[in-house]
Amino acid sequence: MLMGLKRKIVKAIAFVKRFDVYKSVRWRRKLHLGRAASFHICPKSIVDIDKTAKVSFASGELVVNDSWFATRKRRYVSEFRLDRDSTFVCEGDFKLYQGASIYVAPGAKLVVHGGTFLNTNATLNCFHYIEIGKGCAISDNVCIADSDTHCIDGKKDKVMAPIVIGDHVWIGKNVTVLKGVTIGSGAIIGAGSVVTKDVPSNTVVAGNPAKPIKTIEKWE
């Protein structure tokens, strides 16, 4: 019995050291999350969810500004912002590592199917619709944006287009994924690439603009 109590105390201390307890509890209550869903906010995080935003998160762990190493001091600030009338759907575990940021604009929708992470300083700006499949690895300094945010020659209808990323996609460091792109399941995007066109499933692409290099069966 004493051993069980000791484990609980150690676990509670570790939780307090790792997370911003006040923010985590506050947002958990505001979002009315069930027992199967955990929203953990680490220190140096900016979380701003408009009262009109719709959040669908039934199970799994959502973490803002996590770290790969317990002893590593966080150097960057992460942001998680849902603007008015936006929609965020999370189906399973999703982690933003230190410095990673998400912004969902008014009326826009972001869907994440779980088992995915955004690594250090990655940014995801959703102005229309972005969907990310299961088990995706999104590396450092990646930029994903479904809008140019500015129009050329007054063509406002061409500013935004949805982005759909399949299951088990690996996006390498310093990659930019632009509007209107579909990345097939099992694909790998080489470091430093700029993705302007659709990527077939189980295909390695690289370059600016990104082009197919070879097909693969799987990656680990």
**Student:** Can any side-chain N or O of T116 pair as donor or acceptor with the backbone N or O of G133 at less than 3.5 Å?
**Tutor:** yes
**Student:** Would you confirm whether the ring centroid of F57 sits within less than 6.0 angstrom of the ring centroid of F88?
**Tutor:** no
**Student:** If you count heavy atoms of other groups shown closer than 6.0 angstrom to CZ of R84, is the number above 12?
**Tutor:** no
**Student:** Can you check side-chain contact (heavy atoms from CB on, under 4.5 Å) on I171 and C136, steps first, answer last?
**Tutor:** CA-CA 8 Å; I171 301 179; C136 293; over 6 Å; no
**Student:** Closest approach of N65 and C42, non-hydrogen atoms and distance?
**Tutor:** O-CB, 3.2 Å
**Student:** Let me confirm one number: the SG-CG distance from C126 to L82, rounded to the nearest 0.5 Å.
**Tutor:** 10.0 Å
**Student:** Listed by chain and number, what are the side-chain hydrogen bond (donor to acceptor under 3.5 Å, both in side chains) partners of D167, not counting sequence neighbours?
**Tutor:** none
**Student:** Quick test of your reading: applying side chain to side chain donor-acceptor pair (under 3.5 Å), list the pairs with at least one residue in residues 183-211, sequence neighbours left out, ordered by first then second residue.
**Tutor:** none
**Student:** For the residue pair D66 and L96, establish whether any side-chain heavy-atom pair is separated by less than 4.5 Å.
**Tutor:** no
**Student:** Report yes if some heavy atom in the side chain of I144 is under 4.5 Å from a heavy atom in the side chain of T123; otherwise report no.
**Tutor:** no
**Student:** Please tell me whether I49 and V112 are part of a single hydrophobic cluster in this structure, the criterion being side-chain heavy atoms less than 4.5 Å apart.
**Tutor:** yes
**Student:** For A58 and A36, work out which heavy atoms get closest and say how close.
**Tutor:** O-CB, 3.5 Å
**Student:** So do V111 and I132 actually touch side chain to side chain, heavy atoms under 4.5 Å?
**Tutor:** no
**Student:** Please report the C-alpha distance between I188 and I216 in whole Å, then the side-chain angles of each, then the deciding distance to 0.1 Å, and finally whether the side-chain contact (heavy atoms from CB on, under 4.5 Å) criterion is met.
**Tutor:** CA-CA 9 Å; I188 297 175; I216 57 173; 3.6 Å; yes
**Student:** Kindly write out the residues that satisfy side-chain hydrogen bond (donor to acceptor under 3.5 Å, both in side chains) with N121, not counting sequence neighbours, or none if the list is empty.
**Tutor:** none
**Student:** Hey, is the main chain of K44 close enough, under 3.5 Å, to the side chain of D20 for a donor-acceptor pair?
**Tutor:** no
**Student:** For residues G99 and S78, report the shortest heavy-atom separation together with the two atoms involved.
**Tutor:** N-OG, 3.0 Å
**Student:** Should the pair W219 and W170 be assigned to parallel (<30°), tilted (30 to 60°) or perpendicular (>60°) ring geometry?
**Tutor:** tilted
**Student:** Considering only heavy atoms from C-beta outward, does the side chain of E61 approach that of H40 to under 4.5 Å?
**Tutor:** yes
**Student:** Does any part of the side chain of I130, heavy atoms only, come nearer than 4.5 Å to the side chain of L124, both counted from C-beta?
**Tutor:** yes
**Student:** Which heavy-atom pair separates P200 from A187 by the least distance, and what is that distance?
**Tutor:** O-CB, 3.8 Å
**Student:** So, using side-chain hydrogen bond (donor to acceptor under 3.5 Å, both in side chains) as the criterion, who are the partners of T52 when residues are at least two apart?
**Tutor:** D50
**Student:** Indicate if V55 and V47 have the same hydrophobic cluster label, given that clusters are the connected sets of ILVMFWY residues with side-chain heavy-atom separations under 4.5 angstrom.
**Tutor:** yes
**Student:** Testing V177, T176, V199 one by one against I189 for a side chain to side chain contact (heavy atoms under 4.5 Å, CB included), which residue passes?
**Tutor:** V199
**Student:** How long is the straight-line distance from NE2 of H113 back to NZ of K134, given to the nearest 0.5 Å?
**Tutor:** 8.0 Å
**Student:** Any side chain to side chain donor-acceptor pair (under 3.5 Å) pairs touching residues 139-152, not counting sequence neighbours?
**Tutor:** N119-D140, N141-N174, D148-K179
**Student:** Does K23 NZ have over 12 foreign heavy atoms under 6.0 Å away?
**Tutor:** yes
**Student:** To the nearest 0.5 Å, how far apart are OH in Y97 and CD1 in I138?
**Tutor:** 12.5 Å
**Student:** Checking side-chain contact (heavy atoms from CB on, under 4.5 Å) for the pair E220/K218: CA distance, chi angles, key distance, verdict?
**Tutor:** CA-CA 7 Å; E220 298 177 4; K218 63 178 182 177; 3.7 Å; yes
**Student:** Determine whether L31 and F94 fall in the same hydrophobic cluster, where Ile, Leu, Val, Met, Phe, Trp and Tyr are linked whenever their side-chain heavy atoms lie under 4.5 Å apart.
**Tutor:** yes
**Student:** Do the ring centers of W68 and F117 come within less than 6.0 Å of each other?
**Tutor:** yes
**Student:** Just so I know, are the side chains of P209 and V195 near enough to count as touching, which here means a heavy-atom distance under 4.5 Å?
**Tutor:** no
**Student:** Of all heavy-atom pairs between V77 and S101, which one has the smallest distance, and what is that distance?
**Tutor:** O-OG, 4.3 Å
**Student:** Scan residues 101-127 for pairs that pass salt bridge (charged side-chain N to carboxylate O under 4.0 Å, His left out), counting only residues two or more places apart or in two chains.
**Tutor:** none
**Student:** Please check: side-chain N/O of R28 versus main-chain N/O of G34, any donor-acceptor pairing under 3.5 Å?
**Tutor:** yes
**Student:** Does the plane of the ring in F127 sit parallel, tilted or perpendicular to the ring in Y103? Use 30° and 60° as the thresholds.
**Tutor:** perpendicular
**Student:** Kindly indicate, with the supporting measurements, whether the criterion side-chain contact (heavy atoms from CB on, under 4.5 Å) is fulfilled by T120 and Y76.
**Tutor:** CA-CA 9 Å; T120 305; Y76 311 113; 3.7 Å; yes
**Student:** First locate atom CZ of F39, then atom CG of L33, and finally report the distance between them rounded to the nearest 0.5 Å.
**Tutor:** 8.0 Å
**Student:** Taking the side chain as every heavy atom from C-beta outward, state whether I163 and Y129 have any atom pair closer than 4.5 Å.
**Tutor:** no
**Student:** Just wondering, do R81 and I102 contact through their side chains at under 4.5 Å, heavy atoms?
**Tutor:** no
